[in-house]
2 protein chains.
Amino acid sequence: MATEKILVIEDEEPIRELLKLTLESAGYSGVYMAANGENGLSLAQSRLPDLILLDLMLPGMDGLSVCRQLKSQEETRAIPIIMLTARSEESDVIIGLELGAVDYITKPFSRKILIARIRAQLRQFSDVEESNEIRRDGLMIRIDQHEVRLHGKLLDLTPSEFSILHMLVSYPGRVYTRNQIITRVKGDGYPVTERAIDVQILNLRRKLGDWAVNVDTVRGVGYRYKQESTE
Amino acid sequence: MATEKILVIEDEEPIRELLKLTLESAGYSGVYMAANGENGLSLAQSRLPDLILLDLMLPGMDGLSVCRQLKSQEETRAIPIIMLTARSEESDVIIGLELGAVDYITKPFSRKILIARIRAQLRQFSDVEESNEIRRDGLMIRIDQHEVRLHGKLLDLTPSEFSILHMLVSYPGRVYTRNQIITRVKGDGYPVTERAIDVQILNLRRKLGDWAVNVDTVRGVGYRYKQESTE
DNA sequence: ATACTACCCTCAAAATTTTCGTTGTGACAT
DNA sequence: ATGTCACAACGAAAATTTTGAGGGTAGTAT
């Protein structure tokens with residue numbers, strides 16, 4: 001039985017119920033519900049959930065504002081946020097990701113996808129951070145040596161390729177926009193076309209060979225490391 | 001009459017006296033003295049001086065540790081530190097700069113240089129920060145446009161050249177090591193030779209033409225923007 | 001189904017950055 | 001003064017990154 005607490009912020013009653021049932025049947029016992037941004041924020045602060053499902057289209061304070069608030073406060077900053085969004089709100093998705101949300105799901109969604117995405121995010125916390133080594137499906141990254149091995153064989157990556165791969169692989173399932181990648185790799189405000197990232201990804205995929213299947217293109221949004229679609 | 005508070009941390013009695021007299025005769029009325037690192041730290045915290053002169057060679061807690069402490073605390077982090085050092089302690093100087101000290105003076109020093117360096121640092125606070133424009137001797141930098149004009153004429157700088165110039169010009173008199181430049185321009189841990197910075201500086205000087213006289217090489221240490229030597 | 005549109009992929013040229021080998025220069029000791 | 005050493009300047013080639021254009025493709029509308 002999963003013990004993680006999940007907060008759902010969603011105004012539409014039927015969807016809220018659907019989410020609640022889906023989550024509970026997936027074994028999550030600590031599910032909190034909020035029907036608007038204000039309640040969502042205060043619940044987030046009082047319950048400190050392990051994950052937040054946030055509808056972007058809310059009455060009153062909209063989802064992006066809620067996201068911004070959550071990210072601006074120390075206690076809630078680290079909580080992963082998955083956005084729920086209509087197909088048409090793609091530009092909001094990008095803004096949300098750049099604010100720090102980790103993923104998004106478009107409505108209507110299948111229960112399987114919903115659960116898979118949530119699991120992917122919660123799984124994070126087991127093996128996170130600050131180690132000098134990351135291993136993923138036969139790929140090994142030694143961070144301070146700037147060294148990548150695939151099935152033991154050393155890959156010859158350029159500095160940018162290394163950074164991008166490291167960024168993607170650090171948070172499986174998290175989508176990064178091209179702008180986030182540029183900011184991370186070249187610094188903020190670096191004057192550069194988004195196409196440059198495509199090319200870096202292209203070359204990276206070539207060097208990764210078969211393993212490149214783990215680098216997903218998220219159309220209209222950016223790139224991510226391995227979100228097995230389960231679709 | 002200068003009203004800035006200056007804290008001197010220096011163990012040798014005669015030098016301490018010399019510094020006190022020099023500073024006071026230069027018009028600085030708020031001069032505090034400490035003979036060791038511990039006292040220095042506590043004075044720094046209680047008086048919050050506008051500038052600290054820090055001898056690197058101290059009994060007990062050494063100067064670099066004091067520097068590290070000062071930089072690790074919110075209240076004192078922003079106080080500019082000028083290190084006092086014997087000619088032979090060059091590697092300590094580099095460490096100090098990378099910890100965040102802004103300048104250093106080798107002993108023995110002339111009073112004129114001492115005062116000039118101190119003035120240069122304190123002057124900072126008048127015109128600091130967060131504007132989108134920096135002007136210095138006919139050079140104008142528009143930060144968010146990534147645009148540099150020399151006597152009105154637009155210079156064609158590469159992104160790295162721009163960053164380096166911006167970095168240097170932001171703090172007149174502050175010495176930056178090649179490593180600091182690499183970290184700022186390419187990000188931390190970027191695998192690159194220090195020689196690469198020489199070349200960037202070389203090309204920058206070419207594009208700057210006559211104005212390049214303002215870009216000083218500090219032998220054995222790094223580069224800085226215009227410290228009129230007064231020597 | 002077909003067309004349309006927006007977006008991604010790809011390639012090769014152009015721009016930038018880095019490396020490396022030499023040469024120049026300052027600081028210091030002889 | 002001269003030699004020596006360490007470091008900076010410089011040039012040219014190599015490596016990397018970026019651009020820009022064209023072709024392909026997924027997703028949507030017709």
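Every chain is numbered from 1, with letters handed out A, B, ... down the list of sequences.
Summarising the geometry, the separation between NZ on B:Lys186 and P on C:dT17 is reported as 6 Å, rounded to the nearest angstrom. Note: CD (B:Gln200) to C1' (C:dT19) measures 13 Å, nearest angstrom.
Counting only heavy atoms from C-beta on, B:Arg195 has its side chain closest to C:dT19 among C:dT19, C:dC9, C:dC7. Comparing C:dC7, D:dT19, C:dT19 by their nearest atom to the side chain of B:Val192 picks out C:dT19. Between C:dT16, D:dC10, C:dT19, one nucleotide has an atom nearer to the side chain of B:Thr158 than all others, and that is C:dT16. Comparing C:dC9, D:dA8, D:dT16 by their nearest atom to the side chain of A:Pro159 picks out D:dT16. You'll find that the side chain of B:Asp198 is closest to D:dA8, out of D:dA8, D:dG11, C:dC9.
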Dot-bracket for DNA chain C, 5' to 3', with Watson-Crick and G-U pairs under 3.5 Å, [ ] for crossing pairs and | for other-strand pairs: what is it? ||||||||||||||||||||||||||||||
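You'll find a donor-acceptor pair under 3.5 Å spanning the side chain of A:Arg219 and the base of C:dA6, going by distance alone.
Applying the 6.0 Å contact sphere to CG of A:Asp210 captures no more than 12 heavy atoms from other residues, nucleotides or ligands. Enclosure of atom CZ in A:Arg149 by more than 12 non-hydrogen atoms of other residues, nucleotides or ligands within 6.0 angstrom is indicated.
The residues A:Glu10 and A:Lys107 are annotated as salt-bridged, a charged nitrogen and a carboxylate oxygen being separated by less than 4.0 angstrom.
A:Tyr225 and A:Asp137 share a side-chain donor-acceptor pair at under 3.5 Å.
Residue-to-nucleotide proximity on DNA chain D shows that, of B:Leu202 and A:Pro191, the 5′-proximal contact is made by B:Leu202. Residue whose closest nucleotide on DNA chain C sits further toward the 5' end, between A:Val199 and A:Val221: A:Val221.
Using a 4.5 Å heavy-atom threshold, the side chains of A:Met83 and A:Leu53 count as separate.
Shown are A:Thr193, A:Thr183, A:Asp198; of these, the side-chain hydrogen bond (donor to acceptor under 3.5 Å, both in side chains) with A:Arg178 is made only by A:Asp198.
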